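Down below is the structure, laid out as structure tokens.
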Amino acid sequence: MTTHTEHQAQQGREPLDVNTPGLSQFDIVREGARRDDIEIVHYEPQVAPGSKAERRLTRTVASFFLLTGLAATAFLVVYIWWPWEYHAGSGGDKWYTPLLGVTLGVALLGIGFGILTWGKKLLPKEVSIQDRHEGAVASDDRIITGQTMLYMADELGVKRRPLLGISLLAGLAPVGAVAAAPLVGGLISQPHKNNQMFTTGFAPAEGGQKVRLVREDGRPVRPADVSTGGQITVFPGIDHGVSNLHADSPTLLIHLRDSDAQESRRANERVGHGDYMWGNYAAYSKICTHAGCPASLYEQQTNRLLCPCHQSQFLITDNARPIFGPASRRLPQLPIEVDSEGYFVAKSDYTETVGPDFWERP
């Protein structure tokens with residue numbers, strides 16, 4: 001182990017010829033530093049090359065990088081294959097986001113501890129003093145700079161410690177893939193296609209049995225229960241349909257006036273929802289597509305539905321299109337009809353994603 005501890009005066013000192021045979025790489029680096037008004041006053045390797053301490057530290061750093069690679073690979077596996085679609089109950093989708101956070105956090109911590117250990121324990125200790133200097137770059141300076149860069153690469157010890165290089169590559173390559181994964185995921189052109197995000201409580205039961213629209217107390221709703229121009233909040237008529245277990249299901253059932261119903265029906269036909277209304281009745285999700293607040297302030301004179309949180313307004317007679325405020329996507333419409341016993345039922349689940357989406361622009 002070689003230790004350099006000295007402080008030479010720079011004034012009046014003749015510069016070394018960097019092309020002189022016999023100069024070591026460190027001599028050229030030191031000369032370069034001096035020409036740049038940097039004096040290396042102390043330089044001391046922390047561990048002897050080939051010693052047990054160096055091998056132990058090398059294995060420690062390599063372990064951190066390999067841990068990074070494993071965690072980043074686990075992130076990719078979870079991101080691609082873990083069930084991410086929401087299902088009511090306690091499915092594996094509940095762990096999707098926590099697992100992404102844990103694996104990415106471990107990967108970043110592995111990189112951090114690996115680099116810190118490498119720099120603090122393996123690299124030589126150096127104390128230098130630099131003065132401000134001015135002037136053009138000479139050809140010798142370029143040579144010195146190149147040799148300095150090579151010297152720094154040698155000091156990292158990758159050539160002498162191939163385990164570090166391999167572990168660094170194995171650790172950082174998956175991290176690069178982690179950075180690219182969300183970008184690839186963002187290439188999904190239509191995330192709402194086929195309502196792939198989730199289902200609500202209005203999804204038909206096994207056998208295709210349609211779900212009734214019920215009040216908060218569980219009573220089913222008939223057309224006569226909603227006066228013209230009025231509205232009522234309804235829920236899926238299933239077990240726990242009124243509870244938070246189906247918090248994405250609250251729906252506003254509106255009885256439109258004749259002229260408004262005709263306008264709304266024409267708007268439905270423009271977007272392929274020609275059979276979503278029953279008579280003059282239309283049903284829209286109450287979950288605002290901006291931040292998920294309940295949009296429940298209905299103004300029957302203007303047919304606007306207002307979300308009180310951020311003042312988004314939706315025009316019911318135009319497919320609940322947002323016409324004011326931060327919301328950028330219309331409220332999903334629930335297709336409805338009346339069953340043989342005279343009660344409202346959902347013809348199917350919502351065909352568009354209810355509530356805000358994480359990839360939507362704020």
Side-chain angles (χ1 to χ4, degrees), residues 86 190-193 195 197-198 200-202 213-216 221 223 225-236 242 244 246-336 344 346-362:
Y86 174 77
Q190 174 50 282
H192 305 294
K193 186 177 181 181
N195 196 26
M197 284 294 293
F198 52 73
T200 73
F202 289 107
L213 280 57
V214 302
R215 302 168 188 264
E216 189 171 3
V221 180
D225 295 333
V226 187
S227 59
T228 303
Q231 45 82 26
I232 184 175
T233 299
V234 294
F235 304 86
V242 186
N244 284 334
H246 295 281
D248 53 0
S249 299
T251 300
L252 197 66
L253 177 64
I254 306 172
H255 187 178
L256 295 166
R257 294 180 293 251
D258 285 339
S259 58
D260 297 332
Q262 293 176 11
E263 182 180 353
S264 181
R265 195 171 292 108
R266 287 193 296 270
N268 275 185
E269 291 172 351
R270 288 199 302 270
V271 297
H273 292 177
D275 59 345
Y276 275 37
M277 294 177 60
W278 185 88
N280 291 349
Y281 295 83
Y284 288 93
S285 169
K286 289 185 65 174
I287 311 300
C288 181
T289 54
H290 169 235
C293 298
S296 55
L297 302 179
Y298 178 62
E299 186 181 68
Q300 61 174 275
Q301 297 301 321
T302 61
N303 290 305
R304 293 187 179 194
L305 184 62
L306 171 67
C307 175
C309 289
H310 304 95
Q311 308 303 310
S312 293
Q313 295 183 22
F314 304 88
L315 185 58
I316 293 300
T317 52
D318 191 6
N319 299 302
R321 176 175 59 86
I323 56 175
F324 183 81
S328 60
R329 186 165 57 88
R330 67 190 182 194
L331 296 173
Q333 184 175 5
L334 183 68
I336 57 173
F344 278 112
K347 297 173 67 174
S348 72
D349 196 2
Y350 281 100
T351 55
E352 297 173 289
T353 303
V354 171
D357 295 331
F358 60 86
W359 52 71
E360 287 185 304
R361 295 178 179 176

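Just so it is clear, the structure is predicted and the values come from calculations on it, not from any experiment. All values below come from the heavy atoms of this structure, side chains included, with hydrogens, waters and symmetry mates left out.
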Which distance, rounded to the nearest 0.5 Å, do you find between the [atom1] of [X] and the [atom2] of [Y]?
X: His255; Y: Thr228; atom1: NE2; atom2: OG1; result: 4.0 Å
X: Ile316; Y: Leu256; atom1: CD1; atom2: CG; result: 8.0 Å
X: Cys293; Y: Gln311; atom1: SG; atom2: CD; result: 10.5 Å
X: Asn268; Y: Asn319; atom1: CG; atom2: CG; result: 5.0 Å
X: Asp260; Y: Gln301; atom1: CG; atom2: CD; result: 9.0 Å
X: Tyr298; Y: Asn303; atom1: OH; atom2: CG; result: 3.5 Å

> Which residue pairs pass the salt bridge (Lys or Arg N to Asp or Glu O under 4.0 Å) test with at least one member in residues 284-306, sequence neighbours excluded?
Replying inline: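 Of all non-adjacent pairs touching residues 284-306, none passes salt bridge (Lys or Arg N to Asp or Glu O under 4.0 Å).
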
Determine whether [X] and [Y] make a side-chain contact, defined as any pair of heavy atoms from C-beta on separated by less than 4.5 Å.
X: Arg330; Y: Pro322; result: yes
X: His273; Y: Thr351; result: yes
X: Asn280; Y: Pro223; result: no
X: Thr317; Y: Arg257; result: no
X: Gln231; Y: Gln300; result: no

> Would Glu352 and Arg329 count as a salt bridge (charged side-chain N to carboxylate O under 4.0 Å, His left out) if you check the C-alpha gap in whole Å, the side-chain angles of each, and the deciding distance to 0.1 Å?
Replying inline: CA-CA 10 Å; Glu352 297 173 289; Arg329 186 165 57 88; 5.8 Å; no

> Of the options Thr233, Thr251, Ile336, Ile232, which is the one that meets Leu213 in a side chain to side chain contact (heavy atoms under 4.5 Å, CB included)?
Replying inline: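 Result for side chain to side chain contact (heavy atoms under 4.5 Å, CB included) with Leu213: Ile336.
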
> Out of Leu331, Thr302, Ile323, which residue meets the side chain to side chain contact (heavy atoms under 4.5 Å, CB included) rule with Leu315?
Replying inline: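 Among Leu331, Thr302, Ile323, the one meeting side chain to side chain contact (heavy atoms under 4.5 Å, CB included) with Leu315 is Ile323.
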
Closest non-hydrogen atom pair, [X] against [Y]:
X: Ile287; Y: Gly355; answer: CG2-CA, 3.7 Å
X: Phe202; Y: Tyr350; answer: CD1-CE1, 4.1 Å
X: Pro332; Y: Thr289; answer: CD-CG2, 4.2 Å
X: Phe314; Y: Cys288; answer: CZ-SG, 3.8 Å

>> Apply side chain to side chain contact (heavy atoms under 4.5 Å, CB included) to residues Val226 and Tyr281 and explain how you reach the verdict.
In response: CA-CA 9 Å; Val226 187; Tyr281 295 83; 4.1 Å; yes

> Who are the salt bridge (Lys or Arg N to Asp or Glu O under 4.0 Å) partners of Arg215, not counting sequence neighbours?
Replying inline: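 Here the qualifying residues are Asp225.
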
Do side-chain atoms of [X] reach the backbone of [Y] as a donor and acceptor pair under 3.5 angstrom?
X: Arg265; Y: Gly279; result: yes
X: Ser312; Y: Ala327; result: yes
X: Ser249; Y: Gly201; result: yes

> ring pair (Phe, Tyr, Trp, His ring centres under 6.0 Å) with Tyr284: which residues, sequence neighbours excluded?
Replying inline: none

>> For His310 and His290, take the angle between the two ring planes, folded into 0 to 90°, and tell me which bin it lands in: parallel under 30, tilted 30 to 60, perpendicular over 60.
In response: perpendicular

> Does a side chain donor of either Thr200 or Asp248 reach within less than 3.5 Å of an acceptor in the other side chain?
Replying inline: no

